[in-house]
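This report concerns only the one structure given below.
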Amino acid sequence: MRLLIFASIFAFMAVVIPASCSPQVIPLGSHNISLDFGGQNITIMSMTTAYECCLGVDTNYTKMMDNDNSSSFAYLFSYDSPRPISDSEKELKGIMDTMCDKMYIQPYENGYISTGSDRLGGQALWGIIAPLNVRDNNYTACVEVVASFKNETLNEHIVKTAQL
């Protein structure tokens, strides 16, 4: 009987635990990204798209909130004309500069990764950018994820496990 109970508990844990820690697919415009929240309870709030005609940029973004009401963001930028891949580093720096001190950016996979100290709370924020639709060292879209939750470990985990 004990063996049956133990086997039932183990089977339940084998189904529930991976499901709660599995990555979540988030639609951003015409693309999907996969973010792993490490089993944390994160609310995803899709926001409206915005098009800036003078800049030729279509922006789709999603806000992510945790139980402490701290938030993070994921963006999809689509451009009317191609941009050099080197611009993606400047793009990530521009977004991280609005929130961080002592920022550090380095190449990561096919884009860039960044960390910096939050100006308000002091915790480490993480960001990543990946160019999409790349041709001849130019891109016409990119995905950015900025993890700015109060949990530094979660911020790093989200960014480093993001599938863009």
Side-chain angles (χ1 to χ4, degrees), residues 9-50 57-78 83 85-134 139 141-164:
I9 291 171
F10 181 75
F12 176 75
M13 289 174 61
V15 171
V16 172
I17 290 175
S20 66
C21 296
S22 62
Q24 187 168 350
V25 176
I26 300 168
L28 279 175
S30 60
H31 290 79
N32 290 322
I33 61 170
S34 178
L35 298 177
D36 182 352
F37 297 115
Q40 299 294 314
N41 186 18
I42 305 295
T43 303
I44 308 298
M45 300 182 313
S46 292
M47 310 306 271
T48 58
T49 64
V57 180
D58 186 27
T59 305
N60 293 275
Y61 71 103
T62 296
K63 186 175 183 179
M64 299 166 277
M65 299 285 295
D66 68 3
N67 292 334
D68 294 331
N69 287 327
S70 61
S71 61
S72 294
F73 300 89
Y75 301 91
L76 171 69
F77 296 105
S78 299
R83 294 178 175 228
I85 286 182
S86 59
D87 282 359
S88 60
E89 181 179 10
K90 293 179 220 169
E91 179 72 36
L92 181 59
K93 183 180 184 326
I95 286 190
M96 294 293 286
D97 266 345
T98 63
M99 298 177 282
C100 293
D101 288 324
K102 303 174 194 161
M103 186 180 40
Y104 178 72
I105 295 178
Q106 66 181 15
Y108 186 78
E109 295 180 2
N110 65 334
Y112 291 90
I113 193 168
S114 176
T115 186
S117 179
D118 176 71
R119 285 191 177 112
L120 300 175
Q123 78 270 12
L125 304 184
W126 285 79
I128 191 168
I129 189 169
L132 304 172
N133 307 333
V134 177
Y139 65 97
C142 67
V143 172
E144 290 184 49
V145 177
V146 177
S148 55
F149 294 115
K150 293 178 184 172
N151 181 336
E152 296 177 14
T153 305
L154 177 61
N155 292 339
E156 180 179 9
H157 178 78
I158 290 170
V159 167
K160 287 187 173 179
T161 60
Q163 298 295 311
L164 310 174

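What you see below is based on every heavy atom in this structure, not just the backbone, and it leaves out hydrogens, waters and symmetry mates.
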#### Entry: Side chain proximity check, Ile113 to Lys160, heavy atoms < 4.5 angstrom
yes
### Message
Restricting to side-chain hydrogen bond (donor to acceptor under 3.5 Å, both in side chains), what partner residues turn up for Tyr108, sequence neighbours left out?
### Response
none
### Query
Would you call Phe37 and Asp66 a side-chain contact if the rule is heavy atoms closer than 4.5 Å?
no
### Task
Measure the spacing between CG of Asp87 and NZ of Lys90 and express it to the nearest 0.5 Å.
4.5 Å
### Summary
Rounded to the nearest 0.5 angstrom, the CD-CE distance for Gln24 and Met64 is 9.5 Å
### Task
Kindly compute the distance separating CE (Met65) from CD1 (Ile44), expressed to the nearest 0.5 Å.
11.0 Å
### Message
I need the minimum non-hydrogen distance between Met103 and Ser114, along with the two atoms involved.
### Response
CG-OG, 3.3 Å
### Query
Atom CD in Glu91, atom OH in Tyr139: separation rounded to 0.5 Å?
6.0 Å
### Query
Is any side-chain heavy atom of Gln40 less than 4.5 Å from a side-chain heavy atom of Ile158?
no
### Query
Is a donor on one side and an acceptor on the other found under 3.5 Å between the side chain of Ser72 and the backbone of Ser148?
yes
### Query
With sequence neighbours excluded, what pairs up with Thr153 under the side chain to side chain contact (heavy atoms under 4.5 Å, CB included) test?
Asn151
### Working for side-chain contact (heavy atoms from CB on, under 4.5 Å), residues Glu89 and Ile105
CA-CA 8 Å; Glu89 181 179 10; Ile105 295 178; 3.9 Å; yes
## Note on the structure
Residues Ala50 and Asp58: closest non-hydrogen pair is O-OD1, 3.3 Å
### Query
How long is the span from the CG atom in Leu28 to the CD1 atom in Ile33, to the nearest 0.5 Å?
4.5 Å
If you look only at distance, which donor and acceptor atoms sit under 3.5 Å apart when one is on a side chain in residues 116-129 and the other is two or more places apart or in another chain?
unit_1 : atom_1 : unit_2 : atom_2 : d
Ser117 : OG     : Gly122 : O      : 3.4
Asp118 : OD2    : Leu120 : N      : 3.0
Asp118 : OD2    : Gly121 : N      : 2.3
Arg119 : NE     : Asp101 : OD1    : 2.9
Arg119 : NH1    : Asp97  : O      : 2.6
Arg119 : NH1    : Thr98  : O      : 3.3
Arg119 : NH2    : Asp97  : O      : 3.1
Arg119 : NH2    : Cys100 : O      : 2.9
Gln123 : NE2    : Phe149 : O      : 3.3

### Distance (rounded to the nearest 0.5 Å) between Glu144 CD and Leu92 CG
5.5 Å
### Message
List the residues meeting side-chain hydrogen bond (donor to acceptor under 3.5 Å, both in side chains) with Asn32, not counting sequence neighbours, and say none if there are none.
### Response
none
### Message
For a side-chain contact (heavy atoms from CB on, under 4.5 Å) check, start with the C-alpha distance between Cys142 and Leu132, then their side-chain angles and the critical distance, and finish with the verdict.
### Response
CA-CA 5 Å; Cys142 67; Leu132 304 172; 5.5 Å; no
### Query
Among all residues two or more places apart in sequence or in another chain, which pass the side chain to side chain contact (heavy atoms under 4.5 Å, CB included) test with Ala130?
Asn110, Leu164
### Task
Considering non-hydrogen atoms only, spot the tightest contact between Ala141 and Asn133 and give its length.
CB-ND2, 3.7 Å
### Task
Could I get the full list of side chain to side chain contact (heavy atoms under 4.5 Å, CB included) partners for Phe73, not counting sequence neighbours?
Tyr61, Lys63, Ser71, Tyr75
